[in-house]
Amino acid sequence: MKHLTFILTAAWAVTAAVGAPTLAGTEPPVVGANLVNEPYKQTAAEQEATFRILQAAGVHVIRAGIPGNDQGLAFAQGAYAHGIKIEWLLGVYPDPGTPWPRLPDAYKSKGLWRGWPLSTANADAFKANIGAQLAELESKGVVLAGFELGNEINWTGFNADFPLPAQGRVLNEKDLASDPEGRKIAQGYLRYLQTLAALKDIRDHSMLNRRTPIISGGLADLDDSGKWLRSVKADAVSVDATLHFLQANGLDQLVDGYGLHFYPLAISPGSAQGQAALRAHLELNGLTQCAPPGAAKGKPCWVTEWNFNGLKGLDACPIDDSSRIAMVGEMRSVLHDLADQNRLGGSLYYTWQGQIHAPKEDHDSAFLCGALTESGRLAVAPNIADLMAGNLISDTHSEAIKQRPCDIYAAGNTPCIAAHSTVRSLYAKYTGALYQVKRASDDAAQDIGLLSDGYANAATQDAFCTNTTCVVTRIYDQSTKHNDLSISSGGRYKGPGPNGSDLGAAADALPVTAGGHQVYGVSISPGMGYRNNRTSDVAVNGKPEGMYMISSGTHFNSGCCFDYGNAEVSGTDTGAAHMDAVNVTEDLSWADCRNEPGLGVQADLENGLFHWNQRSCNPASSVSGGHPFISAWLKNNGQTTFALKWGNAQSGGLNTIYSGALPAGYAPMRQEGAIILGVGGDNSHASAGSFFEGVMTAGFPTDGADNAVQSNIVAVGYGAPTGLAGTLMPGSEISLQATTACCIGDYVRNLNGAVVIAPITPSSAEQDKSDATWIVRRGLADNSCVSFESRNNPGDFLRQQNLALHMQPFDGTASNRVDATFCPQAGKNQKGSSFHLVNDPTRYVRHYYGKVYVASDGDSTNPWSTPVHWSDDVSFIVGPPWSP
Ligand code: AHR
């Protein structure tokens, strides 16, 4: 229960209240903030600024009321166009003629408010009004994060069925059945359920929001002594009693989540005692009612307001944020645990900002003294791991990172002597840096380290590279051998970089999801490559070794040589058997393979990519299926035999390509012990490919160890959904639906590199669905805009070329960045969103006769810029992905 100021909107009082988010499924909880202080009363420019700051802070869900007028509609559209979904706080509608329950003057200074008596809640009036309002929102393409009906209905503050003055009582379940005051409140609760049923009916028959969750109104929390209620002479029903009563009368059939509010008292922030008190407060106020989706009883909880009572240091600028930072860490630690148990649907911090244009700030705001506070940033950070990176939360999740690939190989007596990744630690206990980036603006370098769960802290890179570009200069070896990879200085074949060196990969060219985080892989285009010619303990002269790399099954070419592994220390071709590297490429070297073009996994043993022990094509080396992430494996006993395997890095086990004798002339091996990535032994650098992780071992690993490592890789969840589906927030998977009358069943899709609109339905082929699914990325040329990466071709982005849209690999060049960056605005036909080129605000993504272009409104130099249907053709509904 918030005991301080809460600014009630006119809309709340008359038509609605503030609401809460999502269908509590197995998706990760949504994280966001309340924006309840009449944000729609800001000017358009102020709203735009607010949305941009929210976006920059990673907020993609806000809890807000939406008045049923033009202001409300414009606000909801504006938020949605910025990738921000509203958890709509709705209020009940009273029986006609019910007088507004005015708060007696004597109570106005006590932090109390009023709300319609629930016993007057009129489900028919609600249905008529909200049904019409939702239809209007949907006509503009607005999809919501949730519907939350009512706010703190369990106390005097928002439910006028409670008497005033009262005695400061906390009523229990028995009172709801037998006490005169309790029976009146119970009657109101039953009317509230009728309105919930009306809301469910509206939701279930809506066009765009059938999957939007319904949340019961956030219940006010009580302190265990009831002191505050007594001091203000207000009554309440306990959270548990309210939920039990509602459950007994059908609540669980009507909602997808329970709304709860938590305002624990700040007791010794940061201490064990404080943490225990915080947990006790939450348990007293509904935490035990939270259940996973589908549980026999209970629903996931949506903590639709949370903040703290009794915090000091926030009333004057500059603020002392330290106590709130500690409290936020404690609260998110509890929420993190709840989320891990699948019992949390959402967390919405109270509040983003205070009353619009108020002379004094609300000290509960995330945004204070003109800036986003650190505590606020941590409260709304989308991923709990961001907090753990700041050491705010003790890592209770180290269990989850018990074993990594090199731990598995060590246990099998084939320890890693090289372990490279820009994505994750390859040992559970590794805590060092993963890689180094260098930025163009001042040539400064920055190491990129780990979050506490062992995944790359990509936010460090994003911050360091803001407003400039970065390349990956080094990939650290996580083994004790320090076999780091640096940009190759060249070899027999010189690279295009300074003094014949190769180029480094653009650091942000390959954003992917791993372990639930947005991280970056290494995207190699021709001319790029990494190497270490002076290594320690890498196999030489016929010693056994094993290796794998995670690469892409869709980003490749046929140029020599996308290798990871053992090569010549001189960077020149020193003859057969001087290399032992796993290779991922379209291998056209053997004539009989040219009939079956496509990706394969081979062994580069020098002067030959071997699929088996013949100089010919082994069909088993072919990697079919267009998997966005594959694992490629080579092991060699150095004397007589070698084995090749491949796997889908997202699911399943390993496929053996070959296991048997080495080719003639290659037994024994004569490895030299350099390590290469993305080039051939002689520094041939014509290849393209993606790299996410790779290890090399001393010794020939067992198949059992390889299988265990493959399972470990699959568990990473490479490229898995982020839970941000359907928004324009970076990381979100989306579809883009046309809004022109001709084509409303059509979606923007890739068709062999061209970009078109085409019909997609639930029964479309999986390939078509994934071709019509895009991942939103921070704009490659401007952080405040967006880029669209192909769902099934990591590293390929939508880009304009000669005003037509294509899907192409991002190569890190400045022109490619600009051509692939689009800035969203509200849809030009008032539906969904429109996207203009970052460097040309007059040219928008447009479909025209089935193809997709960028077009201005009426430029006569090209047919697709015709003004006819322009505003419809440039407006797209950003919807859920076809291929999750
Ligand atoms: O074996 C294939 C390639 O041939 C090697 O990587 C390179 O050194 C040579 O050009």
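The structure presented is a predicted model; accordingly, all values stated were derived computationally and were not measured. Here, residue 1 is the first one in the sequence, and each next residue gets the next number. Atoms within a ligand are numbered from 1 in the order they appear, just like the ligands themselves.
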Asp706/Lys635 ion pair, N-O < 4.0 Å: yes
Arg439 to Phe464 six-membered ring, cation-pi geometry met (6.0 Å, 45°): yes
Residues Asn683 and Ser488: side-chain donor-acceptor under 3.5 angstrom: yes
Test of ring centre spacing under 6.0 Å for Phe692 and Phe629: yes
Axial cation check for Tyr455 ring with Arg404, 6.0 Å and 45° limits: yes
Salt-bridge present (Asp768, Arg749; N to O < 4.0 Å): yes
Residues in contact with ligand 1, criterion: heavy atom under 4.0 Å: Cys560, Cys561, Asp563, Met579, Asp604, Glu606, Asn607, Gly608, Gly680, Gly681, Asp682, Ser684
